[in-house]
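If you're wondering where the values come from, they're calculated on a predicted model, not measured in any experiment. All values below come from the heavy atoms of this structure, side chains included, with hydrogens, waters and symmetry mates left out. Letters go in sequence order (proteins before strands), and every chain restarts at 1.
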There are 2 protein chains.
Amino acid sequence: MTGTSPDYAAHLRDVGLRPTRQRVALARVLFGSGHRHVTAESLHAEVKATRIPVALATVYNTLNQFRDAGLLREVVVAPGRSYFDTNTGHHHHFFVEDDGELHDFPSDKVTIEGLPSPPKGTRLSRVDVVVRVRR
Amino acid sequence: MTGTSPDYAAHLRDVGLRPTRQRVALARVLFGSGHRHVTAESLHAEVKATRIPVALATVYNTLNQFRDAGLLREVVVAPGRSYFDTNTGHHHHFFVEDDGELHDFPSDKVTIEGLPSPPKGTRLSRVDVVVRVRR
DNA sequence: CAAGTACTTTAGAATAATTCCAAAGATGAA
DNA sequence: TTCATCTTTGGAATTATTCTAAAGTACTTG
């Protein structure tokens, strides 16, 4: 061990969420090790393995809350296929169409120029770039 | 009238699809007037109004076939929300998050630079840019 | 143009992802 | 503690989409 484990409870309180047993368990899995892309199902399977029982509905609730709180970013790549990305910083995605894999790539080097201004009465929320590739 | 109506049957044959009554009816609605964004449901409702009965399953089949044939482009903007765009040329989208509206914008002026090369063993399929805005 | 074969359509069942619900349980303020 | 509020839960409900098997239609060949 090189450090103490993060205080997920405090972190959750900071964003206005009660640090319940299942939210902390999910946060630990999500944020415990590098950036991840998860689906509700995959996260549910993972957290079950930690012996803390969490219902699938709770996983959905929590992912939505974490996203709303800015802890996660949702990426929709195909009908019925939505990922939650623990990397909320500026970056874009590769999507491998054949197998549904998603990979981040940094937006440092990427510049987008010439975007028209948002339609009247709207303000920019985010720019998503998905680079689709095939094997 | 300033011109004859396009020969949808021939057009469908060209891409390897039999020009059935329902495919022609759907093509007419889709391609008869400027570029459109439709969902399976909205297209189904529209074509029903033309008095040519088409089952919802057929609308789904046909949209998928048209997309595979390159006649349509599918745009996924939110979980469970997928649009089919009759504009298959290079362009990008505005997505108004509040009401689910989708608008095209030309990619003429837009330049994207610094994209990393596709992961090993993959080739570029397409780059999707979705500019998300809120009211 | 008659026939046969292959392709399509159809209604409804099936599936998949996600949300809703009402009841039971946990949390935090006083 | 105690209570009001927020959460979790399992299962039902919903939504979007695909599947299925039977009935119908389009193209080919003779």
Side-chain angles (χ1 to χ4, degrees), chain A residues 7-29 37-48 50-69 71-72 74-84 100 102, chain B residues 7-29 37-48 50-69 71-72 74-84 100 102:
Chain A
D7 185 349
Y8 293 113
H11 209 236
L12 290 173
R13 271 197 207 85
D14 286 349
V15 298
L17 294 171
R18 281 192 186 173
T20 64
R21 186 185 320 289
Q22 24 288 303
R23 293 213 268 234
V24 171
L26 290 168
R28 218 191 302 276
V29 172
H37 295 130
V38 303
T39 63
E41 284 289 354
S42 76
L43 180 59
H44 185 226
E46 257 191 277
V47 77
K48 266 198 301 196
T50 70
R51 304 328 231 98
I52 295 163
V54 181
L56 182 56
T58 301
V59 174
Y60 274 104
N61 289 162
T62 305
L63 285 172
N64 288 152
Q65 291 154 352
F66 282 11
R67 177 204 53 213
D68 292 346
L71 268 34
L72 292 175
E74 188 169 12
V75 187
V76 187
V77 284
R81 185 172 246 151
S82 153
Y83 286 99
F84 288 87
L102 193 67
Chain B
D7 185 350
Y8 293 113
H11 209 235
L12 289 174
R13 272 197 208 85
D14 286 348
V15 297
L17 294 172
R18 282 193 186 172
T20 64
R21 186 186 319 291
Q22 25 289 302
R23 293 213 267 233
V24 171
L26 289 168
R28 218 190 302 275
V29 172
H37 295 130
V38 303
T39 63
E41 284 289 354
S42 77
L43 180 58
H44 184 227
E46 257 191 279
V47 77
K48 265 198 302 197
T50 69
R51 303 332 231 99
I52 296 164
V54 182
L56 181 56
T58 301
V59 175
Y60 274 103
N61 289 162
T62 306
L63 285 173
N64 288 152
Q65 292 155 353
F66 282 12
R67 177 204 51 214
D68 292 346
L71 267 33
L72 292 174
E74 187 169 12
V75 187
V76 187
V77 285
R81 184 172 245 152
S82 153
Y83 286 99
F84 288 87
L102 193 67

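With sequence neighbours excluded, no residue forms a ring pair (Phe, Tyr, Trp, His ring centres under 6.0 Å) with His44(A). Taking the side-chain contact (heavy atoms from CB on, under 4.5 Å) definition, one finds that Ala25(A) meets it with Val47(A), Ile52(A), sequence neighbours left out. In this structure Arg81(B) satisfies the side-chain contact (heavy atoms from CB on, under 4.5 Å) test together with Val77(B), Ala78(B), Tyr83(B), Phe95(B), sequence neighbours excluded. Every side chain to side chain donor-acceptor pair (under 3.5 Å) that Thr39(B) has, sequence neighbours left out, goes to Ser42(B). Taking the salt bridge (charged side-chain N to carboxylate O under 4.0 Å, His left out) definition, one finds that Arg67(A) meets it with Glu74(A), sequence neighbours left out. Under the side chain to side chain donor-acceptor pair (under 3.5 Å) criterion, Thr58(B) pairs with no residue, sequence neighbours left out.
Of the residues in residues 7-23 of chain A, Arg18(A), Thr20(A), Gln22(A), Arg23(A) come within less than 4.0 Å of DNA chain D through at least one heavy atom, sorted by number.
Sorted by first and then second residue, the salt bridge (Lys or Arg N to Asp or Glu O under 4.0 Å) pairs with a member in residues 37-46 of chain B read Arg36(B)-Glu46(B); sequence neighbours excluded.
When every heavy atom of Ala40(B) is checked against every heavy atom of Leu63(B), the shortest pair comes out as CA-CD1, 3.7 Å.
Using a 4.5 Å heavy-atom cutoff, the side chains of Thr20(B) and Val24(B) are not in contact. For the pair Gln65(B) and Leu17(B), the minimum side-chain heavy-atom distance is below 4.5 Å.
Annotation: the terminal axes of the helix from dC1(C)-dG30(D) to dA30(C)-dT1(D) meet at 30°, where each axis is the rotation carrying the C1' atoms of four end pairs onto the next four (5 pairs per end, rounded to 10°).
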Test log, rule side chain to side chain contact (heavy atoms under 4.5 Å, CB included), inputs Phe84(A) and Asn64(A): CA-CA 9 Å; Phe84(A) 288 87; Asn64(A) 288 152; 3.9 Å; yes
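Of all nucleotides in DNA chain C having an atom under 4.0 Å from a heavy atom of chain A, the first and last in 5' to 3' order are dA17(C) to dG28(C).
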Side chains of residues 7-15 of chain A: which donor-acceptor pairs under 3.5 Å do they make with residues two or more places apart or in other chains?
{"unit_1": "Asp7(A)", "atom_1": "OD1", "unit_2": "Ala9(A)", "atom_2": "N", "d": "3.3"}
{"unit_1": "Asp7(A)", "atom_1": "OD1", "unit_2": "Ala10(A)", "atom_2": "N", "d": "3.1"}

Give each protein N/O atom lying under 3.5 Å from an N/O atom of nucleotides 13-17 of chain D, with the pair distance.
{"unit_1": "dT17(D)", "atom_1": "OP2", "unit_2": "Tyr60(B)", "atom_2": "OH", "d": "2.6"}

